[in-house]
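I have placed the structure first, in the form of structure tokens, so that the comments after it can refer back to it.
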Amino acid sequence: MASAHRIDPGEFEVLSRQWHPVARCDAIDDGPVGVVMLGRPVVVFRSGGRACAASDRCPHRGSPLSMGSYDDDDCLVCPYHGLRYGADGRCVAFPSRPDARLPSRLSLETLHTRERHGLVWACAAEPTRDDPPDWGFYDRPDVQTFQIGPVHWDVSASRVAENFNDVAHFSTIHRVTFGPSDRPVGPQKVIATERGFTSNVAVYQQYRNTLDGSVEEIEADYRYDFTFPFSSMLTITYPDGEIECIQLTALPESATSSLVFQQSARTNLGGDPVEPWRDFQAAVNEEDRVICEALRPRQVSFRLDDTGEVALPTDAFSIAYRRLWKSLS
Ligand code: FES
Ligand SMILES: [Fe+2]
């Protein structure tokens, strides 16, 4: 019997050719990091200045390389018997027997990798596109930024993506942090783009980026740019002209669990410090995580005929998203 956590073969086929976030760039500077991508353990490491990703298993005796370290030559060191691996995954040295012939089978299965906008992205098979999502706002010289996570969510990456693009839960789930009182939600027209969807919606919300700020209610412009399969960028323009850009993406670990990466950039007209803003955003994400992990089932069915869910007029994004998935898988 198929495991409930195994990704549907059709979805796996689609996802194996997409870019997925695997680490923050700064997380692999001092040593490797282990993640699970599409059910498979992956080690993310830096060698020769490059971000690399490979199967997290030493071909000698199966040790997880994510428990290893870097040597002075910038190689990945297996924690068990010390085999050294380079950026291309080839074993280049065995210090315990420097003269030993190293079999060519001592090679790691490598993944395609890119570094972009503060994150390392990996793709298991031949990528359908050359580049991960375009989140250039994050790299602007005139913005403040922060990264939080990654945080493990016990729910599918598709549920994470749908939740981030859903504006109808603000007044309930985010009632405490920023949600408005009881105003109706404005219309959200979702338009297909080359890489996903875009939409604009006016949102009434409390104007505060800290947990102890004012609770004045304002109308903000929310622009969503979604890159298939799980990457969302929300650009919020406030009435005073301040622009805040929230970027959220998820690594699909299994059919029902994800590793969620979030980062933000803002123009910061008021000159406020980053920390309260970051803590506020982390609190908002926690509100989302708790409700998403409680959803049943913990994954979206893209077969559409057996979801057992009833769509509402405020579900414009998830309706378009599920249709797109159905056309692909
Ligand atoms: S298991 Fe990696 S060197 Fe032995
Ligand atoms: Fe939310």
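Whatever order the structure lists ligands and atoms in, that order sets their numbers, starting from 1.
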**Request:** Have a look at Asp288 and say which of its N, O or S atoms is nearest the Fe ion (ligand 2).
**Result:** OD1
**Message:** For atom 1 (S) of ligand 1, what's the nearest protein heavy-atom neighbour? Residue, atom name and distance, please.
**Reply:** Arg61 N, 3.3 Å
**Prompt:** For ligand 1, which atoms sit closer than 4.0 Å to a heavy atom of Leu83?
**Reply:** 3 (S)
**Item:** Side chains of Ser66 and Asp56, donor plus acceptor under 3.5 Å
**Value:** yes
**Message:** Distance alone, cut at 3.5 Å: any donor-acceptor contact between the side chains of Thr145 and Gln263?
**Reply:** no
**Asked** Distance only, no hydrogens: is a donor on one side chain within 3.5 Å (strictly under) of an acceptor on the other, for Gln188 and Ser199?
**Response** yes
**Request:** Report the name of the N/O/S atom of His60 located nearest to atom 4 (Fe) of ligand 1.
**Result:** ND1
**Message:** How long is the straight-line distance from CZ of Phe170 back to CD of Gln205, given to the nearest 0.5 Å?
**Reply:** 8.0 Å
**Message:** Under a 3.5 Å threshold, yes or no: a donor from one side chain and an acceptor from the other, between Thr198 and Asp225?
**Reply:** yes
**Prompt:** Okay, side chain of Glu242, backbone of Leu269: is any donor-acceptor separation there less than 3.5 Å?
**Reply:** yes
**Message:** I'd like to know: is atom 2 (Fe) of ligand 1 within the 2.8 Å range of an N/O/S atom from His81, strictly under that distance?
**Reply:** no
**Message:** If the cut-off is 4.0 Å to any non-hydrogen atom of Cys58, which atoms of ligand 1 fall inside it?
**Reply:** 1 (S), 2 (Fe), 3 (S)
**Item:** Sub-4.0 Å atoms of ligand 1 with respect to non-hydrogen atoms of Cys78
**Value:** 1 (S), 2 (Fe), 3 (S)
